Amino acid sequence: MRLSQYPINTLKETPAEAEVLSHQLMLRSGLIRRLAAGLYSWLPMGLRTLQKVERIIREEMNRAGALELVMPVIQPAELWQESRRWSEYGPELLRIKDRHQRDFVAGPTHEEVITDIARRDLKSYRQLPVNFYQIQTKFRDEVRPRFGVMRAREFIMKDAYSFHVDEASLREGYRAMYDAYTRIFTRTGLTFRAVRADSGAIGGDVSQEFHVLAASGEDAIAFSDGDDYAANLEAAAALPPSEPRRAPQQPLNKVATPGARTIEELARFLKIEPARCVKTLIVEGTEDTVVALVVRGDHELNAVKAQKLPGVANPLRMASAERVVKATGTEPGYVGLVGLRCRVYADHSAFALADFVCGANEKDMHLTGVNWDRDVTGAVAADIRNALEGDPSPSGRGHLKIARGIEVGHIFQLGRKYSEPMKAVVLDEAGHEVPLYMGCYGIGVTRIVAAAIEQNHDERGIIWPEPIAPFQVVLVALQLQKSTRVREVAERLYAELAAAGIEVLYDDRDARPGVKFADAELLGIPHRLVVAERGLDAGKLEYRHRRDAQSTEFPADDALAFIRSRFAP
RNA sequence: CGGGGCAUGGCGCAGUCUGGUAGCGCAUCUGCUUUGGGAGCAGAGGGUCGCAGGUUCAAAUCCUGCUGCCCCGACCA
């Protein structure tokens, strides 16, 4: 591709709308353009990378035996009513009406449609197992789209759905997808990790996420330094302390703590460690109740864990200040456990405390020397906090470390969540109708591109992993308007590389060297060749990898063999 | 949804407080010079100042309403 005929428009300045680095670089390098909040066009340079990612995915999905199809973006409401997600999915589901006032949705995912296909077309266990996938645009009406294509409203996803006659086959199919995903992410050249996950809104039992590791990742990942345990922090178990609780030593005592609403203020006021205090969080319960959740002062509540407890509203909602006053007699900041009349869940670590501090259910007052059983009864111990770096690993070996990741893939064993309500059944060997077992497997295709940049960049721009770079080689010809010799060599080299099937971006623009170098680096093309008067006298060209600090010279006659030797094996 | 902020040429911004008919840098176009790290000079094009009302002799600027966009938002119980 000749850059003189490629309308790239790189920006020196960062558009104000972009906060994260990948978004800034994608805009500056002209990979994408924003059309509206969470809606992006992919310009030619960006599309090349996107298609490389798609190609890797397609090849590995096909290799794993999955069958590609395409389903509509717009789907009839009836299907979503059947699966109950019409009412369960919430405002992220974009609902639209056609000219006849019939309800439709812009598909945020395609379980309903594929299940409909399955129930029509799959009749017999003999047709199973089968795995269908598509690479298709999804729409999720995010509350707050941000970070460019990382959290856009419209995005491209590879979604696959497998169907099985029994659970054993589902597990096998799931395992095959795990392996395929591992190959896919390995081939993209990204550093990633597979972790245990919460299955969230999609539903189902077993699930794992694939995360690209990057400091700016939205998710926290906990992994063990002692074995291969890894989990999303949302799903990482926090083990109960190994030592038993001490016997009470202090008497219960009420102290004035004027203005000490937060744990930090309280701990400072009483000159004690936050770990000696507990936070009593009042959340909405199921029905018209509230529930108290208790965590140690130095711990954070884990909403995903908490909302699974019996009696706690799912999704988790903090009670309003008015509800807190009504339930406890005091305002937020002074809520405590003694005399509290509602269901109480205490995190294992909080439950292991003796002689601790909590609110007194009275403004500007706290209680010290509080003890479970003696002063507070009826609390149920549960794991409701986030695991912390240094906690013992739930696997029993090693301790947890925390890293940040960008979720780019998620695989689920759905079981019969959709097949049962939607009556997707086949006849088994005995001739009985049985609901299908389903698995579903997603990859955020557009997000991978942003994640790749988050993980691979420097102050000059993008550094593409070679397998997904828009071009393999950038050929920079300096002063080719002046020097016929440079032009001839560059043209010949361009033709030669192109004929050899190498993807070359040929910078034949009439621009100054600094402009060309800066653009090549911003665009992040892995291999750079420079043709200039300077080297040609000695018959030399110049090579530099995007990650290299220095250029190297090599004989011009030998260019094709040389550049091939530089490609990753 | 709650809170905060912004909307002026393709991009980044100034001008708004104190009304007088729009400016800077980048980008674009032309010419000359320049050419190994985002050139210099000379010239040019491009903006009904988010939209709709209002006040005024006069509105980017003051007032009202609307729209769009950006940022933050359990961890306080």
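Chain letters run A, B, ... following the sequence lines, proteins first, then strands; residues in each count from 1. Predicted model only: the values in this text are computed from it and were never measured.
- Note: A/F554 and A/Y543 fail the aromatic proximity criterion, with ring centroids not under 6.0 Å apart.
- Distance noted for atom P between B/rA44 and B/rG36: 31 Å (whole Å).
- Remark: B/rU55 base-pairs with no nucleotide; criterion is Watson-Crick or G-U wobble with both hydrogen-bond distances under 3.5 Å.
- Using P as the reference atom, B/rU21 and B/rU64 are 26 Å apart when rounded to the nearest Å.
- Pairing partner, B/rC6: B/rG68, with both Watson-Crick or wobble hydrogen-bond distances short of 3.5 Å.
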Problem set entry | nucleotides 32-41 of chain B: protein proximity per nucleotide (B base, S sugar-phosphate only, - neither; heavy atom, under 4.0 Å) | --BBBBBB--
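- Taking a 6.0 Å sphere around CD of A/E88, one finds it holds more than 12 heavy atoms contributed by other residues, nucleotides or ligands.
- The two residues A/R374 and A/P248 make their nearest non-hydrogen contact at NH1-CB, 3.7 Å.
- Map A/L316 and A/E13 each onto its nearest nucleotide of RNA chain B; the residue landing nearer the 5' end is A/E13.
- Contacts of A/A16 with the nucleic acid, taken as non-hydrogen atoms under 4.0 Å apart, involve only primed sugar atoms and P, OP1 or OP2.
- Relative to the six-membered ring of A/W42, A/R48 misses at least one condition, a distance below 6.0 Å or an angle of at most 45° to the axis.
- No side-chain donor-acceptor contact under 3.5 Å links A/E389 and A/H399.
- B/rA7 and B/rC13 are spaced 9 Å apart, taking the P atom of each and rounding to whole Å.
- Taking atom C1' on both nucleotides, B/rG38 is separated from B/rA52 by 43 Å, rounded to a whole Å.
- Considering only side-chain atoms of A/T262, the nucleotide from B/rC76, B/rG12, B/rC75 that sits closest is B/rC76.
- A side-chain N or O of A/N456 and one of A/R547 form a donor-acceptor pair less than 3.5 Å apart.
- Within the shown strands, B/rC13 is the pairing partner of B/rG23 under the Watson-Crick or G-U definition, both distances less than 3.5 Å.
- Comparing the same atom, P, in B/rA39 and in B/rU18 gives a spacing of 43 Å after rounding to whole Å.
- Going from the P atom of B/rG23 to that of B/rG15 covers 16 Å, rounded to whole Å.
- Straight-line distance from the CG atom of A/L39 to the P atom of B/rC70: 10 Å, rounded to whole Å.
- Under the Watson-Crick or G-U wobble criterion, with both distances below 3.5 Å, B/rG36 is left unpaired in every strand shown.
- Partner assigned to B/rG47 is none, using Watson-Crick or G-U wobble distances below 3.5 angstrom.
- Taking the side chain as every heavy atom from C-beta outward, A/V530 and A/F517 approach each other to under 4.5 Å.
- In this entry the distance linking CG of A/L388 with P of B/rC75 reads 18 Å, nearest Å.
- A/I263 comes within contact range of the sugar-phosphate backbone alone, with a heavy-atom separation under 4.0 Å but no base atom that close.
- At a cut-off of 3.5 Å, with distance as the only test, no side-chain donor of A/N361 or A/T330 sits close to an acceptor on the other residue.
- Checked by atom type, the side-chain pair A/E154/A/Y40 shows no donor-acceptor distance below 3.5 Å.
- Nucleotide B/rG73 forms a pair with B/rC1, judged by Watson-Crick or G-U wobble geometry with both contacts under 3.5 Å.
- Look at the C1' atom in both B/rC29 and B/rG65: the space between them is 42 Å, to the nearest Å.
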Problem set entry | Under 4.0 Å protein heavy-atom contacts per nucleotide of nucleotides 1-7 of chain B, with B for base, S for backbone only and - for none | -------
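- Counting only residues at least two apart or in different chains, salt bridge (charged side-chain N to carboxylate O under 4.0 Å, His left out) contacts with residues 356-367 of chain A comprise A/K254-A/E362, A/E331-A/K363.
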